[in-house]
Amino acid sequence: MSGESGETVVTEVVLPGVVEPDGVEVRHVAAPTPGPSEVLLAMEATGVSFAEQQMRRGKYYDQPPFPFVPGYDLVGRVAAIGRGVDPALAGRRFAALTKTGGWASHVVVAAADLVEVPDSVSSADAETLVVNGITAWQMLHRTTKVEAGDTIVVLGANGGVGSALVQLARIAGVRVIGTASRRHHDTLRALGVTPVDYRDPDLRGRLRGLAPHGVRAVFDHVGGEGIVDSFRLLAPGGTLVSYGTASTRDASGSAKAPVLKLFARLALWNALPNSRHAHFFNIWAGRRRTDAFRARLGADLGQVFALLAEGRLTAQVAARIPLSRAADALRLAESGTVAGKVVLVPDEVRDEVRGEVRDEVRGETGDEAGTEARDAQSGR
């Protein structure tokens with residue numbers, strides 16, 4: 001988008017405060033200029049994860065003060081470079097983890113944070129596996145180090161992180177039991193997952209029946225009191241990986257309280273002589289050692305992108321929605337009616353699923369959708 005004088009005008013979506021999805025604001029501002037060691041990315045895809053859903057409620061653990069532009073990650077093409085940046089980067093396509101700022105048509109990013117996207121992979125497909133892919137890869141291969149033949153349980157296996165996690169686990173030869181609403185069971189079976197209805201009154205018994213001797217790992221983004229059942233599913237030597245508190249999404253009060261309570265519980269379990277382990281996964285852990293952090297992130301996302309380019313990993317794109325319709329995208333992501341990740345694209349890109357999205361957004365909006373959203377949506 002260009003102004004009358006020919007300068008680039010940025011479209012950005014702003015969270016002005018604690019608002020409903022319709023309260024997000026679309027603004028048009030002058031394009032930022034990349035500084036030393038920075039680039040300006042022209043966004044081709046960004047996404048809606050659980051983090052943005054919590055941010056609009058003011059409940060994400062360490063979100064910035066309002067107003068701000070959300071957007072945890074993006075894929076874009078280098079439109080301008082700052083001093084000291086290799087000119088060869090211009091015009092090339094990269095992914096970046098941003099935490100905030102990604103919901104904009106143009107975003108300034110440190111050149112050192114860029115991870116190149118293979119030519120054979122679409123921007124929307126790559127976007128679904130930036131934060132979700134890094135999270136899934138690191139939890140599976142760095143936090144738990146599961147091996148072929150192991151059995152794991154993935155809660156919310158149809159969500160953004162969940163769908164990436166189950167695929168990576170199956171590629172590694174791991175047996176996967178995944179919880180989700182029945183509407184998503186056929187999708188999970190197609191991925192080689194044994195599905196279980198998360199609303200089963202005897203969910204713990206059902207999971208225990210499928211793995212009577214316990215499992216090697218449980219991946220739990222739900223938190224709350226259910227985390228106790230997740231820990232009890234572990235076999236001796238097993239690992240619980242907690243990476244969210246989705247069960248408290250709509251709870252009032254402090255955003256930090258549920259997380260701090262969870263930390264205390266995990267610490268207690270690790271102190272007990274029970275040969276089981278409990279960890280809270282934070283994608284930003286270790287970022288003070290900047291070079292090592294960037295190298296690890298780049299290597300892990302590179303592995304994920306390689307599997308995607310080879311066709312061994314499938315991107316789960318729930319919908320593509322223009323950036324200016326971010327309110328629709330939020331409603332859809334929070335409805336709990338879709339599998340995979342809702343992707344935002346530039347406004348000039350044709351909205352290929354517009355009617356379908358409107359039906360989903362305006363369809364299931366009752367208690368069932370809200371409950372499923374709390375238990376099935378995942379992502380950072």
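Nothing fancy with the numbering, it's 1 onward along the sequence.
- Thr100 contributes no side-chain N or O that, together with a main-chain N or O of Gly71, makes up a donor-acceptor pair within less than 3.5 Å.
- With respect to the salt-bridge test (charged N to carboxylate O, under 4.0 angstrom), the residues Arg92 and Asp86 do not qualify.
- More than 12 heavy-atom neighbours from other residues, nucleotides or ligands sit within 6.0 angstrom of CZ on Arg142.
- With sequence neighbours left out, Arg77 forms a salt bridge (Lys or Arg N to Asp or Glu O under 4.0 Å) with Glu44.
- A donor-acceptor pair is defined here as one N or O able to donate and one able to accept, closer than 3.5 Å; such a pair exists between the side chain of His185 and the backbone of Ala180.
- In this structure a side-chain-to-backbone donor-acceptor pair under 3.5 Å is present from Gln63 to Met55.
- Separation of atoms NZ (Lys145) and OG1 (Thr239) is listed at 9.5 Å; rounding is to 0.5 Å.
- Relative orientation of the Tyr72 and Trp284 rings is tilted, given thresholds of 30° and 60° on the angle between their planes.
- In this structure, Arg296 CZ and Gln138 CD are separated by 6.0 Å, a value rounded to the nearest 0.5 Å.
- Evaluated for a side-chain contact (heavy atoms from CB on, under 4.5 Å) with Phe94, the options Val117, Val115, Leu89 yield exactly one hit, Leu89.
- Shown here are the salt bridge (Lys or Arg N to Asp or Glu O under 4.0 Å) partners of Arg265, two or more places apart in sequence or in another chain: Glu225.
- Using modelled atom types and a 3.5 Å distance limit, the side chains of Arg93 and Ser123 yield a donor-acceptor pair.
- Interatomic distance, Leu344 CG to Asp328 CG, rounded to the nearest 0.5 Å: 10.0 Å.
- No donor-acceptor pair under 3.5 Å is formed between the side chain of Gln303 and the backbone N or O of Ala299.
- Applying the ring-ring contact (aromatic ring centres under 6.0 Å, His included) test to every pair with at least one member in residues 118-142, sequence neighbours left out, gives these pairs: Trp137-His141.
- Taken together through direct or relayed side-chain contacts under 4.5 Å among Ile, Leu, Val, Met, Phe, Trp and Tyr, Leu308 and Leu114 form part of one hydrophobic cluster.
- Around the CG atom of Asp119, the shell of radius 6.0 Å holds no more than 12 heavy atoms that belong to other residues, nucleotides or ligands.
- Between Trp269 and Phe231, the ring-plane angle classifies as parallel under the 30° and 60° cut-offs.
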Start with the C-alpha gap between Arg206 and Asp197, add the side-chain angles, then the distance that decides, and say whether salt bridge (charged side-chain N to carboxylate O under 4.0 Å, His left out) holds. CA-CA 9 Å; Arg206 178 87 172 99; Asp197 187 350; over 6 Å; no

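- In this structure, CZ in Arg331 is found 9.5 Å from CD in Glu334, a value given to the nearest 0.5 Å.
- Shown here is Asp291, whose CG atom has no more than 12 heavy atoms of other residues, nucleotides or ligands within 6.0 Å.
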